[in-house]
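Accompanying notes for the structure given below.
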Amino acid sequence: MTCPPPSPGPGQVQVRVQAAALNTIDVKLVTGELRAMFPVTHPFVPGVDAAGVVAAVGEGVTRFAAGDEVIAYAGAASGMIAEYALVGEGPELVRRPRALSPAHAAALPMAAMTAHCVLAAAALEPGDSALVIGATGGVGALVVQQAAELGVRVLATAAPADTAYIRALGAHETIDHTAVDTLSAARRLHPDGLDVVVDLINAGPALASPAGLVRPGGRLVSTLYDPAEVDGVAPVYVRMEASTGDLHRQAERVAAGRMSIEVAATYPFDEAPQAMRDLAEGQYTRGKIVITF
């Protein structure tokens with residue numbers, strides 16, 4: 001079935017997509033896991049991150065014109081795994097630096113903006129110690145890089161195959177979470193606790209373990225909500241907003257080589273369903289999966 005390209009309305013930009021990245025939220029939206037928070041209507045086109053070229057603009061759009069190369073974030077509305085997509089003219093749409101390939105640009109929006117918001121919540125300072133759980137994912141790898149750049153001593157979880165990778169990003173110490181208990185290993189390395197624990201994996205009661213690693217006055221930062229308090233620590237929950245995610249600056253940093261985003265695999269558009277299955281089945285735990293057009 002062939003559908004006509006969606007026409008941009010007032011304040012909207014029509015983007016001819018060159019590459020679109022997959023995120024865990026795409027799977028959760030498709031399966032209905034997030035229906036209470038983000039109900040979707042089927043047929044539903046997934047994809048929140050993309051890079052492409054402006055094909056047309058709607059009434060009132062002033063910052064973009066046909067031919068502009070852009071990076072776009074659609075939020076829960078999705079729709080990016082398509083030849084053409086619509087996005088509003090706002091902080092979720094920025095120009096793509098020429099030094100950034102479409103595939104790497106598409107991998108950037110949600111991961112980079114979330115990492116930016118996580119670091120703002122963590123309020124790290126030079127000399128602080130921080131544990132990043134889920135360090136090899138898109139968000140975690142960016143948190144590790146920027147925390148290390150700030151002068152923070154970073155402890156990160158990583159499987160043996162990813163240890164060299166995560167240390168190259170700036171982690172000073174690693175824990176093989178596939179072989180040892182993360183909590184026990186972190187306590188041996190930092191018996192007095194850590195200033196900040198960033199947990200991108202655990203939610204609910206499972207946050208009790210990382211909460212026990214936070215020293216008095218420290219912070220537990222999570223991107224997964226609930227509960228309000230664990231083990232006497234009130235987690236700082238982060239929900240990414242494009243208005244505070246600073247996508248333009250993140251893209252410029254990657255283009256300048258000051259930060260890197262890993263593309264784990266690329267799939268052609270006609271293999272997008274397989275890419276979604278591979279993501280759902282955990283085939284890739286490092287970097288991002290990108291669909292190319």
Inter- and intrachain pairs under salt bridge (Lys or Arg N to Asp or Glu O under 4.0 Å), touching residues 11-22, at least two apart: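 Non-adjacent pairs meeting salt bridge (Lys or Arg N to Asp or Glu O under 4.0 Å): zero.
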Tell me, which pairs form a salt bridge (Lys or Arg N to Asp or Glu O under 4.0 Å) where one or both residues lie in residues 155-172, sequence neighbours left out? Asp162-Arg286
For Val263, what are the other residues in its hydrophobic cluster, where any two members join if their side-chain heavy atoms are less than 4.5 angstrom apart?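 For the cluster that includes Val263, the remaining residues are Val290.
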Mind listing the closest non-hydrogen atom pair of [X] and [Y] along with its distance?
X: Ala135; Y: Ile166; value: O-CD1, 3.3 Å
X: His177; Y: Ala159; value: NE2-N, 3.7 Å
X: Arg219; Y: Ala121; value: CD-O, 4.0 Å
X: Ala21; Y: Ala106; value: CB-O, 3.2 Å
X: Phe44; Y: Ser78; value: CZ-OG, 3.4 Å
X: His104; Y: Ser101; value: ND1-OG, 3.0 Å

Around atom CZ of Arg249, are there more than 12 heavy atoms of other residues, nucleotides or ligands at under 6.0 Å? yes
Let me confirm one number: the [atom1]-[atom2] distance from [X] to [Y], rounded to the nearest 0.5 Å.
X: Leu108; Y: Lys288; atom1: CG; atom2: NZ; answer: 8.0 Å
X: Tyr284; Y: Leu22; atom1: OH; atom2: CG; answer: 11.0 Å
X: Leu183; Y: Leu213; atom1: CG; atom2: CG; answer: 4.5 Å
X: Met113; Y: Leu247; atom1: CE; atom2: CG; answer: 5.0 Å
X: Gln250; Y: Ile261; atom1: CD; atom2: CD1; answer: 10.0 Å
X: Leu131; Y: Asp199; atom1: CG; atom2: CG; answer: 8.0 Å

Dump the intermediate steps for side chain to side chain contact (heavy atoms under 4.5 Å, CB included) on Thr182 and Ser209, then the final yes or no. CA-CA 9 Å; Thr182 298; Ser209 292; over 6 Å; no
Out of Leu93, Val15, Leu100, which residue meets the side-chain contact (heavy atoms from CB on, under 4.5 Å) rule with Ile71?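 Checked Leu93, Val15, Leu100 against Ile71; only one passes side-chain contact (heavy atoms from CB on, under 4.5 Å): Leu100.
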Cluster check [X], [Y]: I/L/V/M/F/W/Y, side chain < 4.5 angstrom:
X: Tyr237; Y: Val198; result: no
X: Met240; Y: Val236; result: no
X: Ile175; Y: Tyr165; result: no
X: Ile201; Y: Val197; result: yes
X: Val48; Y: Val13; result: no

Sequence neighbours left out, what pairs pass ring-ring contact (aromatic ring centres under 6.0 Å, His included) with at least one residue falling in residues 65-85?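 Output for this query is empty, none listed.
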Is any side-chain heavy atom of [X] closer than 4.5 Å to a side-chain heavy atom of [Y]?
X: Pro46; Y: Leu29; answer: no
X: Leu86; Y: Gln14; answer: yes
X: Glu252; Y: Pro97; answer: yes
X: Val118; Y: Thr223; answer: yes

Donor-acceptor pairs under 3.5 Å, side chain of residues 49-61 to any protein atom, not counting sequence neighbours: which ones?
| unit_1 | atom_1 | unit_2 | atom_2 | d |
| --- | --- | --- | --- | --- |
| Asp49 | OD1 | Met110 | N | 3.2 |
| Asp49 | OD2 | Asn23 | ND2 | 3.0 |
| Asp49 | OD2 | Met110 | N | 3.3 |

With [X], which residues qualify under side-chain hydrogen bond (donor to acceptor under 3.5 Å, both in side chains), at least two apart?
X: His190; answer: Glu173
X: Asp278; answer: Tyr267, Gln274
X: Ser243; answer: none
X: Arg98; answer: Glu69

Sequence neighbours left out, what passes salt bridge (Lys or Arg N to Asp or Glu O under 4.0 Å) with Arg188? Give chain and number order.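 Counting only residues at least two positions away or on another chain, Arg188 forms no salt bridge (Lys or Arg N to Asp or Glu O under 4.0 Å).
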With Arg215 via salt bridge (Lys or Arg N to Asp or Glu O under 4.0 Å) - residues at least two apart: Asp195
In residues 143-157, what donor-acceptor pairs under 3.5 Å come from side-chain atoms, sequence neighbours left out?
| unit_1 | atom_1 | unit_2 | atom_2 | d |
| --- | --- | --- | --- | --- |
| Gln145 | OE1 | Ser260 | N | 2.8 |
| Gln145 | OE1 | Ser260 | OG | 3.4 |
| Gln145 | NE2 | Ala141 | O | 3.2 |
| Gln145 | NE2 | Ser260 | O | 2.8 |
| Gln146 | NE2 | Leu142 | O | 3.2 |
| Glu149 | OE1 | Arg253 | NH2 | 2.6 |
| Glu149 | OE2 | Arg258 | NH2 | 3.3 |
| Thr157 | OG1 | Gly134 | N | 3.1 |

Would Met37 and Lys28 count as a side chain to side chain contact (heavy atoms under 4.5 Å, CB included) here? Give the steps. CA-CA 11 Å; Met37 185 179 299; Lys28 293 181 177 181; over 6 Å; no
